Enquirer: 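Quick one: structure below, then a few questions.
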Amino acid sequence: MTLTFTRNPDDRGYELRPRGADPVHVHRGAPNGHALPEGCKPRFTLAADPGGASPLAVVVRQEGGRLAVLDPHHERLATLQLPPRKKRWRPAYEIHLPDGTVLRGRRGTVPSLLLCLLLLPFALLWLVALALSDSPAASATAPLRTAWKRPGDVFGRPSLTESARGRFRVRGDSLDRRVAYAQAVAKYWER
């Protein structure tokens with residue numbers, strides 16, 4: 001079964017909305033009274049309720065700038081490695097699972113890059129029209145998707161994908177849903 005969810009940052013808070021399930025709420029730091037292992041700095045908590053009383057996972061910063069995804073009993077679900085801030089072209093997001101599996105996601109798959117090149121003339125026309133009008137410009141980015149796969153598995157099926165519209169999809173049971181949620185938040189969360 002495929003899990004599909006979207007990110008929804010709004011005024012009330014940050015939440016993930018899985019299709020056909022209750023939303024997952026994202027809170028800064030760790031829940032009150034929830035002790036963390038030594039040397040871990042809390043980043044955010046994924047919780048089933050808006051108050052954060054029943055956490056699904058806690059994401060903490062560890063040495064080397066890596067993020068560890070811990071279940072409520074401090075068992076490591078995965079380690080997330082974000083690209084450096086100054087990396088501009090095809091940044092790599094990595095998920096290190098406890099069994100040694102590494103999933104690497106690079107922004108811009110081959111089909112999305114080809115689609116971007118195909119749509120480039122229309123985008124340039126739109127930018128010219130926008131420059132000639134009085135309307136304010138929103139941030140325009142390339143419509144690229146991200147796919148997390150095992151390194152070297154160029155044509156294999158990805159475990160986690162993000163569409164250009166911000167919809168995340170986890171294929172089957174290839175990845176724990178809490179790790180997928182944590183990666184979706186960590187990719188866009190303020191550092």
Side-chain angles (χ1 to χ4, degrees), residues 1-31 43-59 67-73 75-83 91-99 101-116 119 138-150 153 155-190:
M1 184 173 139
T2 301
L3 169 68
T4 303
F5 64 95
T6 57
R7 295 179 314 109
N8 186 33
D10 60 10
D11 296 338
R12 293 177 288 125
Y14 199 96
E15 66 183 22
L16 303 170
R17 294 187 179 159
R19 186 180 294 163
D22 293 332
V24 175
H25 303 276
V26 181
H27 303 282
R28 287 193 183 278
R43 294 290 293 146
F44 57 89
T45 301
L46 302 170
D49 61 332
S54 58
L56 299 171
V58 177
V59 178
L67 300 176
V69 183
L70 307 174
D71 72 358
H73 306 292
E75 190 173 318
R76 183 182 305 266
L77 299 172
T79 302
L80 309 177
Q81 185 172 351
L82 303 177
Y93 300 89
E94 291 184 358
I95 300 173
H96 298 266
L97 300 175
D99 65 358
T101 304
V102 176
L103 302 173
R104 184 174 293 136
R106 288 196 177 272
R107 190 168 187 183
T109 60
V110 172
S112 66
L113 288 170
L114 290 175
L115 181 65
C116 187
L119 295 176
S139 65
T141 59
L144 300 176
R145 71 180 203 135
T146 305
W148 283 264
K149 301 179 186 181
R150 296 172 193 255
D153 194 9
F155 298 107
R157 294 189 58 170
S159 297
L160 174 66
T161 59
E162 178 192 10
S163 71
R165 293 179 290 168
R167 178 173 289 136
F168 288 83
R169 182 169 284 136
V170 181
R171 183 180 52 87
D173 57 350
S174 60
L175 190 63
D176 189 325
R177 64 184 172 92
R178 297 171 293 184
V179 174
Y181 294 154
Q183 178 62 59
V185 174
K187 185 175 178 188
Y188 295 100
W189 195 265
E190 299 171 6

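Predicted model, so just to flag it, every value in this text is computed and none were measured.
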Enquirer: Do the rings of F168 and F5 sit parallel, tilted or perpendicular, given the 30° and 60° boundaries?
Expert: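 Parallel, since the angle between the ring planes stays under 30°.
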Enquirer: State which residues pass side-chain hydrogen bond (donor to acceptor under 3.5 Å, both in side chains) with T79; sequence neighbours excluded, sorted by chain then number.
Expert: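 Residues passing side-chain hydrogen bond (donor to acceptor under 3.5 Å, both in side chains) with T79: R76.
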Enquirer: Output the distance between atom NE2 (H25) and atom CZ (R17), rounded to the nearest 0.5 Å.
Expert: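 The NE2 atom of H25 sits 9.0 Å away from the CZ atom of R17.
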Enquirer: Say you draw a straight line from OH of Y93 to CD of Q183; how long is it, rounded to the nearest 0.5 Å?
Expert: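 CD of Q183 is found 8.0 Å from OH of Y93.
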Enquirer: List the atom of L56, the atom of P72, and the distance in Å for their closest heavy-atom pair.
Expert: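 Nearest pair, atom of L56 first, then P72: O-CD, 3.4 Å.
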Enquirer: What are the two closest heavy atoms between A182 and L46, and how far apart are they?
Expert: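 Between these two residues, the closest heavy atoms are N-CD1, 3.7 Å.
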Enquirer: Are the side chain of T45 and the backbone N or O of G29 linked by a donor-acceptor pair below 3.5 Å?
Expert: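 Yes, because the side chain of T45 sits within donor-acceptor range (under 3.5 Å) of the backbone of G29.
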Enquirer: How close do A57 and V69 get, counting heavy atoms only, and between which atoms?
Expert: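 Where A57 meets V69 most closely, the heavy atoms are CB-CG1, 4.0 Å.
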Enquirer: Distance check, rounded to the nearest 0.5 Å: L175 atom CG versus L103 atom CG?
Expert: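 Here the interatomic distance stands at 6.0 Å.
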Enquirer: Quick one: list whatever passes salt bridge (Lys or Arg N to Asp or Glu O under 4.0 Å) with R178, sequence neighbours left out.
Expert: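 With sequence neighbours excluded, R178 shows a salt bridge (Lys or Arg N to Asp or Glu O under 4.0 Å) to D176, given in chain and number order.
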Enquirer: Distance from E162 atom CD to W148 atom CH2, nearest 0.5 Å?
Expert: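 That separation rounds to 5.5 Å.
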Enquirer: Holding to salt bridge (Lys or Arg N to Asp or Glu O under 4.0 Å), I want the full list of residues that pass it with R169, two or more places apart in sequence or in another chain.
Expert: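 Salt bridge (Lys or Arg N to Asp or Glu O under 4.0 Å) check on R169 returns nothing, list empty.
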Enquirer: Can you tell me how far the NZ atom of K149 sits from the CD1 atom of I95, to the nearest 0.5 Å?
Expert: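 It comes to 14.0 Å.
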Enquirer: Tell me, please, which residues at least two apart from D99 pass side chain to side chain contact (heavy atoms under 4.5 Å, CB included).
Expert: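 Testing D99 for side chain to side chain contact (heavy atoms under 4.5 Å, CB included), a comparison that skips the adjacent residues, returns L97, T101.
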Enquirer: Kindly compute the distance separating CZ (R177) from CG (L16), expressed to the nearest 0.5 Å.
Expert: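 The CZ atom of R177 sits 11.0 Å away from the CG atom of L16.
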Enquirer: Grab the two heavy atoms, one from P18 and one from P23, that are nearest each other, plus how far apart they are.
Expert: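 Answer, listing the atom of P18 first, then P23: CD-CA, 4.1 Å.
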Enquirer: Could you list the residues that satisfy side-chain hydrogen bond (donor to acceptor under 3.5 Å, both in side chains) with H96, not counting sequence neighbours?
Expert: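 In terms of side-chain hydrogen bond (donor to acceptor under 3.5 Å, both in side chains), with neighbours along the sequence ignored, H96 is linked to E94.
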Enquirer: Grab the two heavy atoms, one from A180 and one from L160, that are nearest each other, plus how far apart they are.
Expert: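 Minimum heavy-atom contact is CB-CD1, 4.1 Å.
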Enquirer: Going by the rule side-chain hydrogen bond (donor to acceptor under 3.5 Å, both in side chains), which residues pair with D49 if we only count those two or more places apart in sequence or in a different chain?
Expert: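 side-chain hydrogen bond (donor to acceptor under 3.5 Å, both in side chains) check on D49 returns S54.
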